[in-house]
Amino acid sequence: MNNKVVLGPWLGCIADDYTGATDLASFLVASGLKTIQLNEVPHTNEIFDLSPYDAVVIALKSRTCPVNEAICDSLLSTEYLIEQGCQKFFFKYCSTFDSTEQGNIGPVIDALMDKLNVESTIVCPALPVNGRTVYKGDLYVNGQPLHESPMKDHPLTPMKDSNLKRLIEAQGDGKAEIINVATIDSGETAIVEALEKASQQSKYIILDTLNTEHLVNISHSVQAFKFITGGSGLATDLAEEFKRLGGVLKPQKQQSEQSHSPVLIFSGSCSAMTQQQVTEYKTDHPALQLNPIQIANGEQSLDSISQWMLENISASPLIYASANAEAVNLVHQTLGKNEAAELVENTFCQLAKIAKQHKVRNFIVAGGETSGAVVKALDIQGFEIGQSIVPSVPIVTTLGAIPINLALKSGNFGQQDFFVKAKRKLTCS
Ligand SMILES: Nc1ncnc2c1ncn2[C@@H]1O[C@H](COP(=O)(O)OP(=O)(O)OP(=O)(O)O)[C@@H](O)[C@H]1O
Ligand SMILES: O=C(O)[C@@H](O)C(=O)CO
């Protein structure tokens with residue numbers, strides 16, 4: 001392996017939100033790479049022994065923050081990963097390319113390319129197992145163009161364009177090129193050749209991807225790239241590259257994530273799928289809806305919500321802010337977009353802290369921003385990755401002495417019965 005003795009992880013990844021990080025980590029684990037997730041860049045006084053791992057994923061909450069902050073956090077993470085001996089680097093963003101109007105993805109990619117001294121990279125958000133495909137450079141969600149899918153109504157990152165070339169060129173500082181599906185269909189040798197050619201002309205290379213077979217071929221073809229970017233699907237078979245380079249996979253951890261302690265469910269995601277999951281779960285479980293306007297004017301107090309939470313805790317209660325686009329619009333008009341998000345996230349954070357004090361050790365959280373806020377409030381530094389509940393949503397277990405198990409669910413992942421499924425996996429019930 002470049003004649004270098006590798007002691008630490010081979011692969012260093014940065015994810016722009018927490019559910020995205022666990023999503024990526026689950027793919028890496030499934031491919032055979034022993035993986036640890038660190039939440040934010042470790043402080044200099046926190047020393048993690050990363051030698052037992054093949055891959056490390058740093059989870060950031062940078063998707064919606066100001067561009068300079070996202071760049072700064074991502075660069076710090078990259079420096080940390082370089083210090084740990086990582087040799088290949090992956091920037092994970094959403095399979096629906098979620099980004100604000102200012103757009104963090106392009107500027108972060110540019111900054112990391114400069115840092116890693118590379119001239120071109122892969123842009124591959126596709127995740128066919130969850131219905132995200134790319135054709136002629138356009139991103140589709142379950143067959144609908146991104147800008148016509150429910151992502152057009154996202155509370156923080158409404159997506160109004162489906163074309164990845166336009167999106168990345170508007171956000172970043174360079175030209176993009178699309179490798180079409182005919183080349184991808186021709187297999188690994190053709191893809192490698194096309195990538196070689198494209199990398200001499202373009203900074204960003206977008207690859208059409210219609211199915212998992214395409215993704216496996218793409219994943220096998222990116223060996224020449226020190227830095228790749230995309231969704232978790234791009235990690236489908238990175239273990240193969242590691243082995244081709246002479247790496248020996250480290251043994252995976254034994255699964256030990258079930259616990260009989262109560263389960264608490266928080267849902268801050270307003271995605272179409274989460275709304276259905278909330279509706280289904282509350283038909284036969286206790287559920288309480290947060291109303292941001294009433295929280296702001298004091299009609300709904302933290303005391304009353306936490307009292308309800310603790311009274312219902314043995315029945316695995318659901319507390320949700322999830323609402324449809326119309327309700328969210330009203331909240332935005334009344335409170336402001338960022339203010340509303342902060343208020344909702346802060347309420348979940350307070351509730352999470354109270355629950356932890358009352359010995360709740362199993363959490364299910366829906367929504368990437370919401371998950372980031374809750375994990376930070378619980379002061380969780382890192383996770384080991386366990387079994388997947390559904391594709392892209394694993395159970396993760398904290399590294400500390402008293403383990404906490406969590407399922408962090410991206411807005412659109414899972415089916416209607418997700419919360420019950422996750423509860424069962426967490427508790428053996
Ligand atoms: N009723 C509401 N009104 C306004 N904002 C809300 C409401 N409910 C939730 N929010 C905010 O909307 C945002 C939802 O983003 P979040 O990332 O948690 O979910 P998501 O985008 O569906 O998930 P993912 O990013 O994993 O796909 C959060 O900041 C949350 O606080
Ligand atoms: O890629 C995805 O869709 C998810 O991992 C995610 O990032 C949602 O926040």
Side-chain angles (χ1 to χ4, degrees), residues 13-27 57 59-65 91-100 105 124-132 139 141-142 146 149-151 153-159 229-235 266-275 277-278 289-296 300 319-349 365-375 390-394 407-414:
C13 311
I14 299 163
D16 70 352
D17 84 343
Y18 280 51
T19 47
T22 54
D23 174 9
L24 173 61
S26 72
F27 271 76
V57 180
L60 298 178
K61 195 172 180 301
S62 57
R63 186 171 292 174
T64 57
C65 70
F91 174 44
K92 156 76 177 68
Y93 40 82
C94 193
S95 61
T96 42
F97 211 79
D98 297 13
S99 36
T100 59
I105 297 177
C124 182
L127 185 56
V129 70
N130 280 321
R132 279 72 161 150
L139 185 52
V141 179
N142 296 319
L146 178 66
S149 79
M151 282 309 301
D153 297 320
H154 190 281
L156 300 175
T157 52
M159 296 305 292
T229 84
S232 52
L234 184 56
F266 292 142
S267 178
S269 159
C270 298
S271 78
M273 182 43 79
T274 305
Q275 288 182 57
Q277 291 162 342
V278 166
Q289 182 164 24
L290 302 183
N291 180 326
I293 298 174
Q294 289 184 354
I295 295 176
Q300 195 178 36
I319 301 180
Y320 65 102
S322 315
N324 62 28
E326 200 186 331
V328 171
N329 264 339
L330 177 67
V331 172
H332 285 173
Q333 278 161 21
T334 314
L335 303 176
K337 189 172 172 174
N338 294 334
E339 292 75 4
E342 204 179 317
L343 181 125
V344 171
E345 289 175 27
N346 189 39
T347 306
F348 282 124
C349 289
V365 188
E369 294 296 319
T370 312
S371 296
V374 167
V375 167
V390 293
S392 294
V393 192
L408 307 179
K409 188 196 80 78
S410 281
N412 283 306
F413 289 170

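On a predicted model such as this, the values are computed, not experimentally measured, just so you know. Ligands are counted one by one from 1 in listed order, and the atoms in each one are counted from 1 as well.
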Practice task
Compute the minimum heavy-atom distance from A327 to ligand 1 and say whether it is under 4.0 Å.
Solution key: no
Problem - Any pair counted as salt bridge (charged side-chain N to carboxylate O under 4.0 Å, His left out), so long as it reaches residues 332-345, sequence neighbours left out - result: K61-E345
Practice task
Starting from atom 18 (O) of ligand 1, locate the nearest protein heavy atom and write down its residue, its atom name and how far away it is, to 0.1 Å.
Solution key: T370 OG1, 2.6 Å
Completion exercise
Rounding to 0.5 Å, atoms CE (M151) and OG1 (T96) come to a distance of 4.0 Å
Practice task
Measure the shortest side-chain to side-chain distance between L156 and T100 over non-hydrogen atoms and say whether it is less than 4.5 angstrom.
Solution key: no
Fill in the blank from the handout: If we number the atoms of ligand 1 from 1 as shown, the ones under 4.0 Å from a heavy atom of P155 are 12 (O)
Exercise for the section: Report yes if the side chains of L60 and D16 come closer than 4.5 Å at any heavy-atom pair, otherwise no. Expected result: no
Problem - Atoms in ligand 1 flagged as close to R63, the criterion being non-hydrogen separation under 4.0 Å - result: 25 (O)
Problem - Backbone or side-chain N or O of G368 under 3.5 Å from ligand 1 N or O - result: yes
Exercise for the section: Please write down residue, atom name and distance for the protein heavy atom closest to atom 5 (N) of ligand 1. Expected result: H332 NE2, 4.2 Å
Practice task
With heavy atoms under 4.0 Å as the rule, classify the contact between A341 and ligand 1 as side chain, backbone, both or neither.
Solution key: both
Exercise for the section: Would you mind reporting whether P292 and L335 have side-chain heavy atoms less than 4.5 Å apart? Expected result: yes
Problem - Any S322 side-chain heavy atom under 4.5 Å of Q289 side chain - result: no
Handout entry: For ligand 1, the portion of T157 having any non-hydrogen atom under 4.0 Å away
Key = neither
Problem - Between CG on residue L24 and CG on residue L127, distance to nearest 0.5 Å - result: 10.5 Å
Completion exercise
min-distance protein heavy atom vs atom 11 (C) of ligand 1 -> G268 O, 4.0 Å
Exercise for the section: May I ask whether L156 places a heavy atom under 4.0 Å from ligand 1? Expected result: yes
Exercise for the section: Consider every N or O of P292 and every N or O of ligand 1, then say whether any pair is closer than 3.5 Å. Expected result: no
Practice task
Check whether any side-chain heavy atom of F27 sits under 4.5 Å from a side-chain heavy atom of S392, and report yes or no.
Solution key: yes
Exercise for the section: Check if K337 has a non-hydrogen atom at a distance under 4.0 Å from any atom of ligand 1. Expected result: no
Practice task
Ignoring hydrogens and angles, tell me if any N or O in the side chain of S99 forms a donor-acceptor pair with the backbone of F97 under 3.5 Å.
Solution key: yes
Exercise for the section: Using atom types as modelled and distance alone, determine if a side-chain donor or acceptor of E369 lies under 3.5 Å from a backbone N or O of D17. Expected result: no
Exercise for the section: Flag the pair Q277 / T274 as yes when at least one side-chain heavy-atom distance between them is below 4.5 Å, and no otherwise. Expected result: yes
Problem - Per-atom contacts of ligand 1 with S410, taking only distances under 4.0 Å to non-hydrogen atoms - result: 26 (O)
Handout entry: Protein heavy atom at shortest distance from atom 27 (O) of ligand 1
Key = G411 N, 3.2 Å
Handout entry: Close side-chain approach of R132 and N412, heavy atoms under 4.5 Å
Key = yes
Exercise for the section: Verify the distance criterion only: is there a donor paired with an acceptor across the side chains of T19 and S371 at less than 3.5 Å? Expected result: no
Practice task
First locate atom CG of L290, then atom OG of S267, and finally report the distance between them rounded to the nearest 0.5 Å.
Solution key: 9.5 Å
Practice task
Any atoms of ligand 1 less than 4.0 Å from a non-hydrogen atom of T19? List them with their elements.
Solution key: 26 (O)
Fill in the blank from the handout: CG of L139 to CE of M159, rounded to nearest 0.5 Å, is 8.0 Å
Can you pull every nitrogen or oxygen pair between ligand 2 and the protein closer than 3.5 angstrom?
{"residue": "ligand 2", "atom": "1 (O)", "partner": "K92", "partner atom": "NZ", "Å": "2.9"}
{"residue": "ligand 2", "atom": "1 (O)", "partner": "S95", "partner atom": "N", "Å": "2.8"}
{"residue": "ligand 2", "atom": "1 (O)", "partner": "S95", "partner atom": "OG", "Å": "3.4"}
{"residue": "ligand 2", "atom": "3 (O)", "partner": "S95", "partner atom": "N", "Å": "3.4"}
{"residue": "ligand 2", "atom": "3 (O)", "partner": "S95", "partner atom": "OG", "Å": "2.6"}
{"residue": "ligand 2", "atom": "5 (O)", "partner": "D23", "partner atom": "OD2", "Å": "2.6"}
{"residue": "ligand 2", "atom": "5 (O)", "partner": "K92", "partner atom": "NZ", "Å": "3.0"}
{"residue": "ligand 2", "atom": "7 (O)", "partner": "R63", "partner atom": "NH2", "Å": "2.8"}
{"residue": "ligand 2", "atom": "7 (O)", "partner": "K92", "partner atom": "NZ", "Å": "3.0"}
{"residue": "ligand 2", "atom": "9 (O)", "partner": "D17", "partner atom": "OD2", "Å": "2.8"}
{"residue": "ligand 2", "atom": "9 (O)", "partner": "T19", "partner atom": "OG1", "Å": "3.3"}
{"residue": "ligand 2", "atom": "9 (O)", "partner": "R63", "partner atom": "NH1", "Å": "2.8"}

Exercise for the section: Distance to 0.1 Å, residue and atom name: give those for the protein heavy atom nearest to atom 19 (O) of ligand 1. Expected result: G367 CA, 3.3 Å
Exercise for the section: Answer yes or no: is there a side-chain heavy-atom contact under 4.5 Å between I319 and F348? Expected result: yes
Exercise for the section: Around atom 22 (O) of ligand 1, find the nearest protein heavy atom and jot down its residue, atom name and distance. Expected result: S269 OG, 2.7 Å
Handout entry: Nearest neighbour in protein (non-hydrogen) for atom 4 (C) of ligand 1
Key = V331 CG1, 3.7 Å
Practice task
Give the residue, atom name and distance (to 0.1 Å) of the protein heavy atom nearest atom 21 (O) of ligand 1.
Solution key: H154 NE2, 2.3 Å
Handout entry: ligand 1 N/O within reach of D98 N/O, cut-off under 3.5 Å
Key = no
